[in-house]
Amino acid sequence: LWFSSTRRRNPPGNLPPGPLNLPVIGCLHKLGSLPHISLHKLSKRYGDVMHLKLGSVSTVIISSERAAREIFKRHGLEFASRAPLICGKYFENDYNGLVFSQYTPEVKLYRKLINTHLLSPTKLKVYDGIRREEQCRLARSLSYERGNPVLLRQKLHNMNMNVITYMLFGKRFCGHHKNTANVDEFVQAIVETVRLAGVFNVSDYIPGIRWLDVQGLEKKYKQLMDRINRHLLSILRDRQEDPPVFTSDEPMAFIDVLISMGEKLSNTTKITLLLDILLGAVDTSALSLEWAMAELLRHPAEFSRARSQIDAIVGKEKLVDESDIAKLPYVEAIAKETMRLRSVAPLALPKIVQGGPIELDGYTLLDGTVIYISSYSIGLDERFWKDPLEFRPQRFIDLPDIDVFGQNFNLLPFGTGRRVCPGAKLGFDAVQMGIATLVQGFDWKLDGDLDDPAKLNMDQTFGLVCQKSQPLVAIPIPRLDSHVY
Ligand code: HEM
């Protein structure tokens with residue numbers, strides 16, 4: 001058994017090679033607590049296009065730039081639908097939204113709506129004031145913390161949450177004195193939804209035992225969504241009954257755009273789309289930024305290099321702003337290097353083959369096969385990246401044409417193809433601005449008695465968004481004149 005499970009096998013039906021599948025569980029036991037790392041190790045043995053069964057679900061893992069390019073350049077449409085996860089049924093009110101849904105005409109329409117009315121360059125410009133205010137609030141609140149340990153994740157989360165809730169609802173949801181307990185409860189429910197969506201649900205892979213709900217997950221999904229739907233519906237109805245007067249200070253928020261579509265969209269779809277965007281936006285940017293800071297604190301020489309460039313270009317008399325970012329290539333390189341090495345979505349979201357069969361590398365992928373694109377393996381591929389485990393932003397100065405937006409298949413932190421992240425520009429800019437602000441505004445010390453910053457614990461926890469297992473706690477020491485913050 002050991003021999004047959006470890007040697008390279010060519011399974012029947014012209015499937016790609018992969019490890020031996022056990023009855024009932026297939027290869028579920030091989031995933032462990034960090035599936036992206038386990039799959040990466042298996043792909044080294046079985047190849048860039050690897051097949052395994054997760055329970056009864058036929059699954060293919062794509063681990064190279066070449067295979068990912070082949071799929072999306074030649075078969076984009078066949079790889080545009082999501083695998084129908086059980087959590088998606090609940091979190092999208094019966095697949096009434098975007099993130100977990102198949103590629104239907106409705107999903108195309110929702111993406112168009114979001115791209116045009118929430119995330120287009122014109123719309124992003126309308127909201128540059130709110131991003132600036134939140135950046136200044138972050139810098140000011142850190143300056144008040146002078147010399148005290150700070151849980152950075154919480155502050156970054158609040159900043160991103162406020163930017164996105166302002167764009168969606170015309171209001172900040174975090175740390176606002178007028179907020180009610182309801183709003184705090186809602187924010188907690190969103191955080192909990194992201195957490196639960198990342199918990200591996202065994203019933204997705206062994207559907208025969210779904211009725212048992214052995215992990216108690218479906219019960220939790222339902223309770224959570226009852227709370228979230230109630231809250232979102234009440235915001236929606238209030239706004240429908242009492243619409244604001246729009247001015248240049250009070251632009252149309254995305255909820256108003258959805259309301260203006262009247263009955264073309266049901267209220268269920270409206271609230272589901274709002275939730276989708278919250279799920280996509282909030283933790284991804286904040287946790288990427290936390291990873292970037294952890295890497296910079298472990299690599300003081302990289303921190304100093306970024307600092308020198310910011311001081312030379314921006315100076316010390318004002319906080320860095322978005323118009324400076326294009327002049328700070330080292331900050332951009334740090335953001336890219338963080339996303340290569342510490343991708344928060346290392347397997348993106350699973351897709352499913354539809355309209356197949358598809359031929360890939362001489363193998364046949366049948367309809368219904370679940371596909372994971374491992375941006376983790378692609379980012380660590382020694383065939384392209386020298387010393388891939390090293391944090392070395394300079395590599396992106398040497399390769400300036402590699403961008404993160406899904407066109408270059410060597411770096412796919414936002415996915416690619418028809419389901420590429422629609423918030424990539426907003427998310428990437430948030431990470432760059434965050435790095436620039438924290439490096440320009442503060443000297444940092446690590447909390448505790450860590451004698452060598454290189455020993456900072458970088459363990460990770462897998463989920464819908466992969467995060468540092470131990471949140472980063474660091475001590476800010478403001479270095480600019482107080483009037484700058
Ligand atoms: C650093 C920040 C972010 C990262 C790393 C990230 C990453 C991703 C990834 C990997 C996907 C799946 C793509 C695929 O399947 O090919 C995705 C989807 C998505 N993201 Fe992001 N994202 C970020 C920020 C944002 C922001 C700011 C928003 C909204 C304002 C957003 C909204 C979404 C939505 C709605 C989807 C689902 C798209 C679909 O299914 O068609 N994301 N994101």
Side-chain angles (χ1 to χ4, degrees), residues 36 62 68 71-72 76 79-85 88 91-92 95 97-104 106-115 117-120 123-124 127 131 156-157 159-168 194 197-198 254 272-292 335-336 338-340 342-352 370-376 378-379 404-407 409 411-435 463-467:
H36 57 303
I62 304 295
I71 282 185
F72 286 102
F79 289 90
S81 276
R82 297 269 182 235
L85 299 178
F91 296 155
E92 298 217 304
Y95 304 113
L98 174 63
V99 176
F100 297 100
S101 298
Q102 310 276 312
Y103 195 57
T104 56
E106 289 77 22
V107 161
K108 281 190 215 170
L109 171 73
Y110 305 155
R111 283 190 62 100
K112 198 166 163 203
L113 268 177
I114 291 174
N115 284 329
H117 296 289
L118 181 74
L119 297 167
S120 67
K123 266 291 178 183
L124 290 179
Y127 289 106
R131 292 194 298 279
L156 304 177
H157 167 89
M159 172 176 74
N160 282 303
M161 187 74 159
N162 280 344
V163 169
I164 205 72
T165 60
Y166 201 87
M167 293 171 72
L168 293 178
V194 174
F254 191 60
T272 309
L273 289 177
L274 293 164
L275 176 61
D276 268 345
I277 293 157
L278 285 168
L279 295 183
V282 173
D283 272 6
T284 40
S285 307
L287 295 172
S288 300
L289 188 44
E290 186 192 36
W291 278 120
K336 287 180 176 169
T338 304
M339 293 189 165
R340 180 190 69 80
R342 306 283 175 194
S343 171
V344 294
L347 297 173
L349 287 163
K351 305 209 172 64
I352 192 167
V370 168
I371 305 287
Y372 281 96
I373 309 292
S374 175
S375 63
Y376 178 79
I378 293 173
V404 289
F405 299 118
Q407 298 307 314
F409 289 84
L411 186 66
L412 294 174
F414 295 99
T416 183
R418 284 169 169 74
R419 303 305 288 272
V420 68
C421 173
K425 166 97 176 69
L426 180 65
F428 190 56
D429 285 357
V431 174
Q432 293 183 91
M433 272 304 290
I435 294 170
L464 186 64
V465 188
C466 244
Q467 52 184 279

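The figures here come from the full heavy-atom set of this structure, side chains too, leaving out hydrogens, waters and symmetry mates. Order of listing sets the numbers, starting from 1, for every ligand and every atom in it.
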Please round to the nearest 0.5 Å and tell me the distance separating atom CD of Q407 and atom CG of L412. 10.0 Å
Distance (rounded to the nearest 0.5 Å) between I277 CD1 and Y110 OH: 12.0 Å
Using a distance-only test with no angle check, is there a side-chain donor-acceptor pair under 3.5 angstrom linking T104 and Q102? no
Geometric N/O contact K351 with ligand 1, under 3.5 angstrom: yes
Quick check: D276 and ligand 1, any N/O pair under 3.5 Å apart?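 Looking only at distances, the answer is no, because the N/O contact criterion of under 3.5 Å is not met.
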Which one holds for V344 and ligand 1: side chain close, backbone close, both close, or neither close, with close meaning a heavy atom under 4.0 Å?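 Within the 4.0 Å criterion, V344 contacts ligand 1 through side-chain atoms alone.
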Proximity to ligand 1 by part of R111, non-hydrogen separation under 4.0 Å: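 Answer for R111: side chain.
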Sub-4.0 Å atoms of ligand 1 with respect to non-hydrogen atoms of I164: 30 (C)
Just jot down the ligand 1 atoms closer than 4.0 angstrom to any heavy atom of M339, in number order.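 Heavy-atom distances to M339 below 4.0 Å select 1 (C).
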Check the orientation of F409 and F72. Use parallel for under 30°, tilted for 30 to 60°, and perpendicular for over 60°.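 F409 vs F72 ring planes: parallel.
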Identify the protein heavy atom lying closest to atom 7 (C) of ligand 1, giving its residue, its atom name and the separation to 0.1 Å.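 Residue, atom and distance for the closest contact: P413 O, 3.6 Å.
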Distance to 0.1 Å, residue and atom name: give those for the protein heavy atom nearest to atom 15 (O) of ligand 1.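 Looking at atom 15 (O) of ligand 1, the protein heavy atom closest to it is R82 NH1, 2.8 Å.
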Near atom 21 (Fe) of ligand 1, meaning under 2.8 Å, how many protein N/O/S atoms are there?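 Of the protein's nitrogen, oxygen and sulfur atoms, 1 lie under 2.8 Å from atom 21 (Fe) of ligand 1.
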